[in-house]
Amino acid sequence: MTSTAPETQRGQDAGDPLGEQPTSWQRRLRRFGHVPRPETSLRDRLDPPWTRPGRQVWSVLAIPPHVADRLVRWSAWGGPLLVTLVAGLLRFWRLDQPNAVIFDETYYAKDAWALVNQGYEGSWPKDVDKLILKDPSSVPIPTDPGYVVHPPVGKWIIGFGEQLFGFTPFGWRFMVAVLGTISVLLLCRIGRRLFRSTFLGCLAGLLLAVDGLHFVMSRTALLDLIVMFFVLAAFGCLVVDRDRSRRRLADALPVDEEGVLRPDARIAETLRLGWRPWRLGAGVMLGLAFATKWNGLYVLAAFGLMTVLWDVGARRTAGAARPYMAVLRRDLTPAFLSTVPVAIVTYIVSWTGWIVTDKGYYRNWAATEGKGSSWSWLPDWLRSLWHYETQVYDFHVGLTSGHTYESNPWSWLVLGRPVSYFYEEQTGCKESSTGKCAAEVLAIGTPLLWWLACFALAYVVWRWLFRRDWRAGAIACGVAAGWVPWFFYQERTIFLFYAVVFVPFLCLAVTMLLGAIVGPAAGTGARADLGLTSKDPTGERRRTLGAIAAGVLVLLIIWNFIYFWPLYTGTSIPEDLWRDRMWLDTWV
């Protein structure tokens, strides 16, 4: 099965206008790799076609064309579901191991249990974890309110798994594993729509399935994987909204006597794109991300700007002379109302348990310490919630106490300082020269995938700046929204596992790079500047070598995931083998 590489994908939003000579600045940029957009029809630019697989594979397998067409249609969902099945089997295998409260599960598992049983978090006694593991039914839920510093959605989700399977490690990890598995399906479908290729979409999902950090976070009851899920879902909603709105714009443009779609400035500047439920869905997803951890707020701002710029690109492509003014008049207000207010309302609704129980921490602040305020005309619950939020913000920005596994965000992409969630040493291990075995759960990405992602991000930025590729810009936006905000809090205690929020976008970046390495298929509109035409044997050899190189890289990433499997799952191995996997001194 062949796929159209990102190098030749149609439907970009900017570049040389059709039929015009390149401007002087474009000629100057060519020395850095800028090339004009290939000549494609206006409809294909607004609504890019999907890649059609080549016939070579089917011919080799002696599969008739009508059967091949049916398999191609099936693969649109069958391929992503198959990748998701593999990801799910990996994530649910021995999910209850290690049978321990690992790292910050000591906070979220207990808070979730209290939340789903009484509507607010309790103040748990110290050293209660061992009693929970031994006999959770013997541990009463504290009725005294507990001071918590994260919104409740993630804990509601964790608590739902506990309601299904009990107050056990499997119970509090279950729903996180479900979301981790579904996120692989989401990325397959998002990648397919982004690159217009089922093959590349499934490749992106496969890379996410074998990323160590995503894998570990999918098997641990922490909040960051849940934030990642909602961020990815919001991104998917916006990509679907982009396709639908551009298709609607294309359908409204005039067609000449030869049946060719033509730009029209009046339509491009005045057409109302109507009801956009997918952007509304993105607002809900971003609100849920924000209602899980506050860093979702930065993603809301970044994605809001991104979707508005997409509208600018669509109207410019359709012929608008002043696309920014057109978007300001027609799209900006609906875009704002579909995201920001929706996200804020979603956030407030997530606090319903705290509001209605009247027993949560700071719940009655407005009626006691805050009595007589100039804002007393507002509901007490709203003023109490606002006070709570200000106290939590002060806590977060003031969290500077040192931690063994803290790291600076500059080191995240190279996996400078991973976090050890669990470590146990056993003596009397005959297989080890030291007589010891080690079992560890290490929150670290698959090294070869992340190190390749460093080059992939450079390629993505280059494509965005010099090829004006909207997909590269979208991927860069996803990475920046999850990573850049942490640079403003470098004095704060932060950890590498926060990076799981932008791991899917790293996988998309690597997929884009691998697609470029493979190169365009013969006869798929290959760029003349690369010499890849359907009759060029050099182009065929280059594609063959590119496919081999990309395949080797993917196999090495999978091997690397398998090699580090014991460190992802807490499997006991001889200490010698454990030390062999400590590739950097900072990993110990």
Side-chain angles (χ1 to χ4, degrees), residues 96 98-133 136 139-163 166-177 179-180 216-228 289-296 350-351 353-354 359-362 388-389 391-406 419-423 441 443 492-498 500-501:
D96 59 340
N99 185 32
V101 180
I102 63 176
F103 203 64
D104 280 355
E105 285 185 342
T106 188
Y107 303 115
Y108 306 127
K110 292 181 291 190
D111 286 343
W113 184 245
L115 198 62
V116 297
N117 280 281
Q118 63 186 18
Y120 64 95
E121 297 91 336
S123 180
W124 292 85
K126 294 182 179 180
D127 303 324
V128 74
D129 293 349
K130 293 181 179 178
L131 295 177
I132 294 173
L133 293 171
V139 180
I141 300 173
T143 56
D144 291 337
Y147 177 63
V148 295
V149 294
H150 292 296
V153 163
K155 288 166 282 188
W156 279 111
I157 292 173
I158 293 171
F160 181 71
E162 293 174 332
Q163 288 285 75
F167 195 25
T168 64
F170 184 86
W172 59 64
R173 295 169 190 162
F174 175 78
M175 283 304 299
V176 184
L179 296 187
V216 171
M217 297 299 290
S218 297
R219 293 167 53 89
T220 311
L222 270 65
L223 302 179
D224 300 86
L225 189 283
I226 301 173
V227 177
M228 180 279 306
F290 178 33
T292 301
K293 286 187 77 172
W294 279 7
N295 53 320
S350 72
W351 284 89
W354 179 87
K359 293 182 179 180
Y361 205 87
Y362 279 135
Y388 195 171
E389 304 290 66
Q391 296 300 305
V392 168
Y393 178 79
D394 291 340
F395 168 83
H396 282 304
V397 298
L399 185 62
T400 57
S401 57
H403 193 284
T404 304
Y405 294 106
E406 66 179 312
V419 181
S420 180
Y421 284 173
F422 171 84
Y423 183 84
V441 176
R492 184 187 183 277
T493 306
I494 52 181
F495 303 93
L496 183 145
F497 64 81
Y498 295 171
V500 73
V501 174

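In this chain, residues are counted from 1 in sequence order. These figures come from a predicted structure and were not determined experimentally.
To the nearest 0.5 Å, atoms OG (Ser123) and OH (Tyr147) are separated by 13.0 Å. Considering CH2 of Trp294 and CD of Glu389, their distance stands at 4.5 Å, rounded to 0.5 Å.
Tyr120 places a side-chain N or O within 3.5 Å of a backbone atom of Thr143 that can act as its donor or acceptor partner. Proximity of a side-chain donor or acceptor of Trp124 to a complementary backbone N or O of Lys110 within less than 3.5 Å is detected. Using a distance-only test at 3.5 Å, with no hydrogens or angles considered, a donor-acceptor pair links the side chain of Glu162 to the main chain of Trp113. Under a 3.5 Å cut-off, the side chain of Gln118 and the backbone N or O of Pro142 do form a donor-acceptor pair. The backbone N or O of His150 sits less than 3.5 Å from a side-chain atom of Lys155, completing a donor-acceptor pair.
Counting heavy atoms from C-beta on, the side chains of Tyr421 and Leu222 come closer than 4.5 Å. Annotation: side chain of Asn295 is not in contact with side chain of Tyr498 (no heavy-atom distance under 4.5 Å).
Here the two rings, on Phe103 and Phe497, have centers that are under 6.0 Å apart. Note: His403 and Phe495 meet the aromatic proximity criterion, with ring centroids under 6.0 Å apart. Tyr388 and Trp351 have their aromatic ring centers within a separation under 6.0 angstrom.
Counting all heavy atoms, side chain and backbone alike, Gly159 lies closest to Ala112 at N-CB, 3.5 Å. Between Val501 and Asp224 the shortest heavy-atom distance is CG2-O, 4.0 Å.
The pair Arg173-Asp96 fails the salt-bridge criterion, with no side-chain N (NZ, NE, NH1 or NH2) lying under 4.0 Å from an Asp/Glu carboxylate O.
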Test log, rule side-chain contact (heavy atoms from CB on, under 4.5 Å), inputs Met175 and Ile158: CA-CA 6 Å; Met175 283 304 299; Ile158 293 171; 5.9 Å; no
